[in-house]
Amino acid sequence: MKTIAALQTLVTAASLDIEPTPAELDAIDREMPLIRAEVELLDAQIMTIDRPVNELDARRVRRARNRVLAARRDLTNRASGTAMSGGAA
């Protein structure tokens, strides 16, 4: 009987206690308003899953969706503003 052995090295990281880098933490901080807005939208959508949607629920979802769009717009504008100003000397 032949034994089966792995021909490739392991794919997992050497240590699972890897902390995020300062750059990754800064990126998370920049995206936090968008993350919060998306969580609010998800909460509003979850509230309407098991019952008929009334006018108040529809308004709540619509406002949460608008907050997500505004947060995405702001994040994109900040990212493009830093990219444009970073190249100027």
Worksheet item: What's the shortest heavy-atom distance between Ala64 and Leu41, and which atoms?
Response: CB-CA, 3.6 Å

Worksheet entry | Pairing residues for Arg72 by the salt bridge (Lys or Arg N to Asp or Glu O under 4.0 Å) criterion, not counting sequence neighbours | Glu38

Item to complete: List the steps and the verdict of side-chain contact (heavy atoms from CB on, under 4.5 Å) for Glu40 and Arg65.
Response: CA-CA 9 Å; Glu40 270 186 51; Arg65 191 174 295 129; over 6 Å; no

Worksheet item: What's the spacing between Leu42 CG and Met47 CE if we round to 0.5 Å?
Response: 10.5 Å

Practice prompt. Applying side-chain contact (heavy atoms from CB on, under 4.5 Å), name anything that partners Arg36, two or more places apart in sequence or on another chain.
Written response: Met32

Worksheet item: side-chain contact (heavy atoms from CB on, under 4.5 Å) with Pro52: which residues, sequence neighbours excluded?
Response: none

Worksheet entry | Residue pair Arg30 / Leu75: nearest heavy atoms and the distance that separates them | O-CD1, 3.6 Å

Worksheet item: In Å and rounded to the nearest 0.5 Å, what is the CZ to CG distance from Arg67 to Asp74?
Response: 13.5 Å

Worksheet item: For Asp26, what residues pass the salt bridge (Lys or Arg N to Asp or Glu O under 4.0 Å) criterion, not counting sequence neighbours?
Response: none

Worksheet item: Who passes side-chain contact (heavy atoms from CB on, under 4.5 Å) against Leu56, sequence neighbours left out?
Response: Asn54, Arg60

Discussion item. I'd like to check the side-chain contact (heavy atoms from CB on, under 4.5 Å) partners of Thr48; sequence neighbours left out, ordered by chain and number.
Written reply: Val53, Asp57, Val61

